[in-house]
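Structure, as structure tokens:
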Amino acid sequence: MSALLEIDQIGISFGGVKALLGVSLAVARGEVVALIGPNGAGKTTVFNCISGLYHPQQGRIVVDGREIQGLRPHRVAQLGIARTFQNIELFKHMSTVDNLLLGRHLHMRSGVLAGMALLGPYLPAAREELRHRTRVEEIIDFLDLQAVRGERVGNLPYGTQKVVELGRALAMEPRVLLLDEPAAGMNLEEKQDLRIWIQDIVALFGVAILLIEHDMQFVGDLAQRVVALNYGECIAAGTPAEVRAHPEVLKAYLGAEAVA
Amino acid sequence: MDMKRSYYEDLRLFDTLPLSLWLGVAVLALAAAPAVFGNYPLYVIGYIAINVIVALGLNVLVGYTGQISLGHAGFFAIGAYAVTMLANAGLPILPALLLAGLIAAAFGFLLGLPALRLEGPYLAVVTLGFGLTVETIFAKAAFFGGATGPAVPAFDLVLVPGFSREQNLYLLIVATAGLSLLAVRNLMHTRVGRAFVAIRDSDIAASCAGVDLTYYKTLAFAVSAFFTGLGGGLFAFHLGQVDPTTFNLMLSILFLAMVVIGGVGSILGSVLGAVVISLLNLKLKGLKMADFEQLPLIGHELAGFLGRNFMETGMANIQFIVYGTILVLIMLFEPLGLYGIWIRTKRYWRTWPF
Ligand SMILES: Nc1ncnc2c1ncn2[C@@H]1O[C@H](COP(=O)(O)OP(=O)(O)O)[C@@H](O)[C@H]1O
Ligand SMILES: [Mg+2]
């Protein structure tokens with residue numbers, strides 16, 4: 001299986017603290033891989049390295065055969081990598097529609113002059129807006145966001161904000177989707193919806209998904225493979241059942257004394 | 001909860017019928033003004049309109065992109081000097097104005113580069129330094145006319161045959177302000193404007209969604225400087241002279257006050273802020289000790305108090321005490337400025353005729 005996203009032995013430290021130490025994993029098209037581990041294990045740091053927010057000091061990150069470590073975030077996004085954030089990073093003064101339209105940024109072209117000249121629905125910038133608005137509306141329908149289309153997202157409930165963030169990532173039409181604790185803080189019903197959406201996204205668009213999640217039920221339902229981190233190192237990898245039963249994982253989660 | 005609307009509706013120029021009507025009335029009134037008013041009212045409206053252009057430009061940077069500038073008087077000065085020197089070199093007025101805006105934009109771009117790595121107080125200091133440097137260079141360099149500034153050529157553009165020089169200048173200024181309003185409003189509804197706001201709300205998320213922070217932050221500086229330079233160019237003709245001491249830190253703060261008092265990140269706020277500050281500035285600028293005697297009730301006491309505690313020259317800066325007070329009050333009670341007050345009033349009157 002040739003992976004779409006391949007992380008090879010990356011390492012990064014902040015000051016003296018080694019946040020990641022030789023972490024490797026791979027995600028193929030149409031596959032969901034979960035990244036688990038206790039708080040502070042380095043999961044979000046892996047995402048930040050992929051996104052270009054951090055530049056790993058060792059190792060390689062390869063997307064579709066191309067090394068991306070060291071690229072700036074917008075260049076990484078151009079290669080078809082989208083993400084959500086553990087602590088929601090929405091454009092909170094913009095509406096749901098505008099947040100999703102921003103997700104279309106890479107697929108749009110209008111510059112300053114075309115933008116200023118927008119006049120009614122006739123000039124190129126306006127036609128471009130309308131075209132992409134149609135795509136955004138499809139996502140709004142898909143994620144059931146019709147009711148909050150024009151709402152400032154800062155005013156939306158937490159769970160809805162998480163869905164809008166997913167929508168913005170989808171609007172980018174990514175090949176790789178990184179979801180950082182998408183179900184955290186959601187109620188059972190919202191989690192149920194989210195699970196189905198993620199399954200659809202994989203089935204319909206063949207996206208490769210890397211998922212950080214604490215809810216092992218959720219992980220078991222979605223992921224084909226799981227990678228467990230602790231103190232910046234991979235401690236286990238395999239199917240959800242294998243990883244859940246792995247002694248190192250039990251130890252990491254329960255603490256050494258519980259196993260001993 | 002709003003129903004699924006035609007997407008075209010969101011792109012329409014004006015959201016509601018009443019707003020379109022009011023704007024129509026405003027445009028007609030401004031167009032008819034030269035036929036009705038004498039030169040001084042036209043001068044005042046022209047002054048306000050220039051400040052509207054600058055406030056819009058500054059709001060693109062401060063309100064929409066979330067960056068700070070304490071140096072916009074520098075771009076204003078660059079616009080004023082550029083238009084003067086280009087016109088003196090024989091360039092017709094319209095191309096000179098456009099070029100002046102573009103020159104200011106180029107400087108905005110250059111200032112935007114170091115600004116990329118700086119935020120908050122650091123950016124404030126850099127832009128402050130920029131404004132002071134520009135002011136000093138213009139005042140000291142013989143090439144720019146030294147302390148007296150270069151002579152501004154006569155305004156010879158004829159927009160309406162038969163109109164006086166003042167009337168033509170008025171029309172040019174007001175038309176430029178109208179076009180600037182339209183341009184900024186449109187920009188904020190399309191890809192580039194959205195990227196600006198996205199950077200303000202979450203630069204991390206914006207960059208991970210493909211927004212090149214370097215490009216768009218410098219672009220915001222350039223766009224902002226363009227409109228400010230354009231305003232400066234018009235100002236040169238409006239005042240009929242270019243005096244380097246005008247373009248000081250206080251002017252930068254005045255511009256910032258317009259944006260903050262009007263409402264950060266709002267087109268209407270830029271207009272309201274510019275109107276209020278311009279009028280206050282005209283009213284308060286030439287204030288003399290004796291003027292306080294005219295005030296009812298407290299006039300005599302106040303004049304006495306001021307006479308004991310301020311020098312006569314200090315009075316010339318009384319407007320800054322007023323702006324300062326207003327700014328503090330706005331920050332404390334209505335961070336969205338006049339625009340915020342407008343929104344709340346509108347909500348309150350929602351059921352009123354319209
Ligand atoms: N920018 C940073 N500066 C310093 N330390 C960091 C930074 N980012 C992450 N770390 C450290 O890396 C470790 C892993 O953090 P993180 O990836 O957020 O964990 P989690 O697995 O909970 O997502 C933590 O010890 C954290 O303090
Ligand atoms: Mg995390």
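Quick caveat, the model's predicted, so the values are computed rather than measured. Numbered from 1 within each chain, the chains take letters A, B, ... in sequence-line order.
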Item to check | Minimum heavy-atom distance A:Arg83-B:Cys208, with the two atoms named | outcome: CD-SG, 4.0 Å
Next on the checklist: Centre-to-centre under 6.0 Å for B:Tyr216 and A:His74, is that the case here?
Outcome noted: no
Checklist outcome for this item: CZ (A:Arg104) and CZ (B:Arg194) are apart, to the nearest 0.5 Å, by 11.0 Å
Item to check | Heavy-atom contact with chain A under 4.5 Å, split by part of B:Ala206 | outcome: both
Item to check | Nearest-0.5 Å distance that lies between atom CG in A:Leu53 and atom OG in B:Ser207 | outcome: 5.5 Å
Next on the checklist: Between B:Val211 and A:Leu102, does the side-chain contact (heavy atoms from CB on, under 4.5 Å) criterion hold? Intermediate values first, please.
Outcome noted: CA-CA 9 Å; B:Val211 175; A:Leu102 194 281; 4.2 Å; yes
Item to check | Part of B:Leu179 within contact of chain A (heavy atom distance under 4.5 Å) | outcome: neither
Checklist outcome for this item: When rounded to the nearest 0.5 Å, the distance separating OG of B:Ser202 from CZ of A:Phe85 is 6.0 Å
Checklist entry - How long is the gap from CG on B:Asp201 to NZ on A:Lys92, to the nearest 0.5 Å? => result 6.0 Å
Next on the checklist: Atom CZ of residue position A:Arg29 - does it have more than 12 heavy atoms of other residues, nucleotides or ligands inside 6.0 Å?
Outcome noted: no
Next on the checklist: Other residues, nucleotides and ligands only: do more than 12 of their heavy atoms fall within 6.0 Å of OH on B:Tyr215?
Outcome noted: no
Checklist entry - Any idea which heavy atoms bring B:Thr190 and A:Ala125 closest together, and the distance? => result CG2-CB, 4.4 Å
Next on the checklist: Tell me whether B:Asn186 contacts the main-chain N or O of A:Gly115 through its side chain, where contact means a donor paired with an acceptor under 3.5 Å.
Outcome noted: no
Item to check | Contact winner vs chain B - A:Gln78, A:Met94, A:His132, heavy-atom pairs under 4.5 Å | outcome: A:Met94
Checklist entry - Is it true that atom OH of A:Tyr158 has more than 12 heavy atoms of other residues, nucleotides or ligands lying nearer than 6.0 Å? => result yes
Checklist entry - Taking every heavy-atom pair that is under 4.5 Å apart, which of A:Pro174, A:Ala77, A:Ser51, A:Gly52 has the most such pairs with chain B? => result A:Ala77
Next on the checklist: Taking every non-hydrogen pair under 4.5 Å, which of B:Val192, B:Leu219, B:Val184 racks up the most with chain A?
Outcome noted: B:Val192
Item to check | Value rounded to 0.5 Å, distance of CG in A:Leu101 from CZ in B:Arg191 | outcome: 12.0 Å
Item to check | side-chain contact (heavy atoms from CB on, under 4.5 Å) assessment of B:Asp212 paired with A:Arg75 | outcome: CA-CA 8 Å; B:Asp212 181 347; A:Arg75 303 277 302 133; over 6 Å; no
Checklist outcome for this item: The reported gap from CG in B:Leu213 to CZ in A:Arg72 (rounded to nearest 0.5 angstrom) is 8.5 Å
Checklist entry - What part of A:Val112 gets closer than 4.5 Å to chain B, counting heavy atoms only: side chain, backbone, both or neither? => result both
